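Taking it in order: structure first as structure tokens, then the write-up.
Residue numbers begin at 1 in each chain, while the letters A, B, ... track the order of the sequences. Because the structure is predicted, anything quoted here is derived from the model rather than measured.
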Amino acid sequence: MSSISGIEPVPSKPLGTAAQLSVALPVLAVLLASAIFAAFVALSGQNPATVFGLIVQGGFGSSFAWQDTLSRAAPLVLVGLAVAIPAQAGLVIIGGEGALVLGGLAGAVVTLPFAGVHALPMQLLMLLAGALIGGLWFGLAGVLRQYRGVNETISSLLLSYIGIAVFHHLTEGMLRDPASLDKPSTHPIDPSYMLPTLPGVGVHAGLAVSLLLAIAAHVVLRYTRWGFALRVVGGSARVARMIGLAVNRWILGASVVAGGMAGIAGAIEVAAVQGTANSSLIVGYGYSGILVAFLARHQPLAIVAVALLIGGMQASASLLQRRLGLPDATMLVFQGLIFVCVLVADAIAQQLRETTRR
Amino acid sequence: MSVPQVELKNMTKRFGANLALNNVSLLIRSGTVHALLGENGAGKSTLVKCLVGFYHPDEGHIQVDGREHRLNSPRDADALGIGMVYQHFTLVPSMTVAQNLVVSGARLPAYINWQSELRRLAQVTRKLPFHVPLDVRVSQLSAGEKQKAEIVKQLYLGRKLLILDEPTSVLTPAEADEVLGHVRSLTRAGELSAILISHKFHEVRRFADDVTVLRRGASVRTGPVADLTDDALAEAMIGEPVSKMVQHAPKSPPKSDIILSVRDLCVNGDNGLPAVKDLSLEVRAAEVVGIAGVSGNGQLEFVEAMMGQRDRSGTMTVSGSPFNGTRREIARLGVYGLPQEPLKNACIDRMSLAENLALRNFDRVPLCRGIAMNYGALAEQAERLVAQFRVKAPGLNASMSALSGGNVQRAVLARELTQDVRLLVASNPTFGLDFVACEETYRRIVEARNRGTAVLLISEDLDELLGLVDRVLVMSAGRIVYEVSADGADKRVIGKYMAGMKAA
């Protein structure tokens with residue numbers, strides 16, 4: 001037993017080896033997934049080096065590529081947070097897609113009654129509406145877990161399908177703009193309400209919103225008593241109750257905030273890109289967000305970096321298709337491979353930790 | 001098959017840098033009970049896990065009747081007739097004893113001929129000095145009967161060397177005596193040899209022939225029980241002469257003011273059935289009230305309900321104010337706890353030692369202003385508490401699971417007892433702790449009482465309880481069935497109430 005004098009006062013950090021492990025394993029997982037992906041494209045008759053070169057070029061090789069990547073990263077950051085925040089409280093919520101599309105729908109319709117008003121309040125209103133509906137949707141999963149004992153992973157996934165069905169039902173029914181013939185959509189929002197483009201970057205302001213929220217999540221989780229309490233609740237509900245924390249409220253709160261993040265992501269997609277709610281919103285951001293959060297180990301700042309990486313990969317898909325004739329889904333294969341490898345790496349890390357503890 | 005003589009020679013086992021067994025030799029003479037004594041972490045369970053084939057020793061070997069054997073799996077141990085009875089039961093509650101016994105066979109035929117199996121069973125049990133009902137569901141048996149059924153299972157499986165791992169920890173004193181008495185008579189009759197792992201000296205003295213004391217992975221004392229005094233055993237266990245047990249502060253007559261008052265408390269267990277029924281009690285300032293009882297009679301649910309971890313009906317007041325376990329009430333009324341298995345029930349294992357020490361006051365000045373945490377102040381507090389309670393840890397930022405059991409307990413003591421404690425609820429606070437940590441826990445509890453704290457101590461260890469309390473309540477089937485002041489307490493009477501019998 002060594003003496004404890006001279007220890008620096010820093011917030012909890014795992015031991016050096018554990019910290020190294022938590023960085024090394026996702027990196028190893030990505031490398032392994034890349035190797036398998038290389039074999040996959042080789043089997044499809046392409047040179048893996050060319051493919052990886054095009055991925056870098058298509059994601060990060062030009063200012064146009066960067067704009068595409070950044071505008072994809074914006075929702076990915078938010079849906080990543082939607083997984084990472086409940087993860088602090090010990091929840092695995094993977095229904096971001098449902099909260100995202102419903103949040104987008106809310107954002108698309110909430111300003112329709114108001115025409116010719118000042119843009120800023122309308123833009124805030126859209127984000128707020130998205131946050132509320134998304135929060136409500138995740139809140140359902142939280143309620144089901146705390147008061148009915150339903151596993152939140154399963155309920156959030158199923159609620160996601162319900163959310164998508166409700167979205168279709170409304171955009172193709174009650175809320176449909178009769179003028180949208182080939183692609184059922186809601187009435188387009190007033191063009192003046194669209195989120196502006198960030199000067200000098202060429203990307204919509206939703207990117208700034210998501211970055212600000214990621215930084216806010218980082219600060220709250222790490223430097224406030226809320227983050228501390230949430231980690232206690234996530235570590236052990238029994239102990240949290242013993243020290244007087246209202247566990248149900250914390251779990252619900254985390255779920256609602258997380259759903260809010262996903263809902264804002266949807267609202268941003270509508271208010272900055274689509275201008276209306278239609279099936280273009282359902283492109284799997286919610287599911288990619290799960291990958292982002294897991295790769296980033298549920299750390300908000302790491303989520304930003306990983307979202308850029310995944311955003312870049314997705315942005316390069318069209319280049320792969322144009323140059324090599326590889327189908328769009330190729331990038332989905334790569335993403336799926338990464339996810340599987342990360343999960344395996346997590347399982348191995350868990351075992352390592354248990355054997356060293358014994 | 002006669003009863004074998006089993007010998008472990010020069011066993012060494014390392015886990016990473018940790019030497020769990022250091023050149024330990026052990027001889028179990030045929031037809032004897034060999035007791036294994038030692039603090040937690042002394043290597044007892046590692047040693048027997050080598051013997052049942054769960055672990056493979058790095059050095060050393062196992063001889064049965066003079067022949068060397070290598071045990072690669074529990075199956076090899078089974079072939080040699082070595083079997084283990086665990087502290088907790090391994091029978092399927094929803095099946096009858098007979099069904100449990102038959103399905104426990106290593107190789108079950110695809111078609112079970114129940115008639116012939118039951119005949120064979122009856123033959124095995126007929127020879128036994130005790131009776132276990134075969135056609136009763138295990139869930140309906142008492143703890144003592146279950147433990148006897150576990151032993152019958154071992155005999156039925158043809159085991160000749162039984163390893164009993166603290167087999168009496170869930171039994172009443174009378175049940176413990178009976179079960180161990182049967183093991184003793186079976187060994188005397190030449191049916192069995194046995195290894196008895198125990199913490200309790202009186203059990204070792206009464207039921208074992210030989211004893212080996214382990215400390216830090218090494219065998220420090222071995223020989224016939226009759227040759228060793230209790231003091232010698234204790235000294236061997238902790239490695240230094242035994243200081244006097246905690247001296248009871250003179251029992252002052254309790255002050256009149258009631259701190260804890262519980263009225264008509266009802267709590268449901270995890271299965272939705274009532275676990276605590278109309279329970280009422282009071283604890284006064286500067287008084288230790290003990291709740292004795294066999295584990296599983298509602299104590300756990302009672303404590304959880306009091307601490308706000310479980311729904312309840314009925315009223316609970318502390319110093320006259322209703323208490324529901326919110327943070328504000330805890331701080332205002334001074335209700336703190338020492339749960340059993342502190343790593344699991346009082347700590348967050350993935351948070352650091354410093355953060356765990358702050359669980360009670362992380363949201364108050366100076367650790368927190370507004371919503372902003374002050375991690376500098378948090379570390380200062382941790383440093384102070386670690387020094388004051390002599391917590392040994394790799395560092396303030398070490399995760400809680402890196403600490404030994406005793407040091408986890410010291411950390412929890414430091415956190416809970418440095419608050420303004422007016423009611424302390426201690427639930428099996430020394431369960432699984434080593435000698436030194438136990439003594440320290442006792443001392444701190446008595447100190448708290450002497451400062452005027454009302455203490456409610458729930459313990460399954462009657463000796464521990466009677467050594468500390470001013471008043472004993474016995475809990476059985478969710479109710480308080482008996483109350484006696486510590487001076488007038490008779491262990492046998494308490495034991496009968498614990499067992500749910502109407503006492504004479």
(message) Can you give me the closest heavy-atom contact between Met373(B) and Phe228(A), atom names plus distance?
(response) CE-CD1, 3.5 Å
Donor-acceptor contact below 3.5 Å, side chain [X] vs main chain [Y]:
X: Gln309(B); Y: Arg238(A); value: yes
X: Arg225(A); Y: Arg369(B); value: no
X: Arg241(A); Y: Gly325(B); value: no

(request) Can you check whether anything in residues 134-147 of chain A gets within less than 4.5 Å of chain B, heavy-atom wise, and list it by number? (result) none
(message) Within residues 242-250 of chain A, which residues come under 4.5 Å of chain B, heavy atom to heavy atom?
(response) Met242(A), Ile243(A), Gly244(A), Leu245(A)
(request) Identify which of Val335(B), Ile348(B), Ile371(B) forms the greatest number of heavy-atom pairs closer than 4.5 Å to chain A. (result) Ile371(B)
(request) May I ask you to name which of Ala358(B), Ala346(B), Ala382(B) has the most heavy-atom pairs under 4.5 Å with chain A? (result) Ala346(B)
Examine whether an atom of [X] lies under 4.5 Å from a heavy atom of chain A, and if so say whether it belongs to the side chain, the backbone or both; otherwise answer neither.
X: Leu367(B); answer: neither
X: Glu416(B); answer: side chain
X: Ala354(B); answer: neither

(request) Rounded to the nearest 0.5 Å, what's the gap from OG on Ser236(A) to CG on Asn345(B)? Could you check? (result) 7.5 Å
Give every donor-acceptor pair under 3.5 Å between a side-chain atom in residues 297-305 of chain A and any protein atom, sequence neighbours left out.
| residue | atom | partner | partner atom | Å |
| --- | --- | --- | --- | --- |
| Arg297(A) | NE | Ser22(A) | O | 3.2 |
| Arg297(A) | NH2 | Asp346(A) | OD1 | 2.7 |
| Gln299(A) | NE2 | Arg297(A) | O | 3.4 |

(message) Need one label for Ala237(A): side chain, backbone, both or neither, based on atoms under 4.5 Å from any heavy atom in chain B.
(response) neither
(message) Does anything in residues 325-335 of chain B form a salt bridge (Lys or Arg N to Asp or Glu O under 4.0 Å)? List the pairs, not counting sequence neighbours.
(response) Arg327(B)-Asp363(B)
(message) With a sphere of 6.0 Å drawn around CZ of Phe54(B), does it hold more than 12 non-hydrogen atoms of other residues, nucleotides or ligands?
(response) no
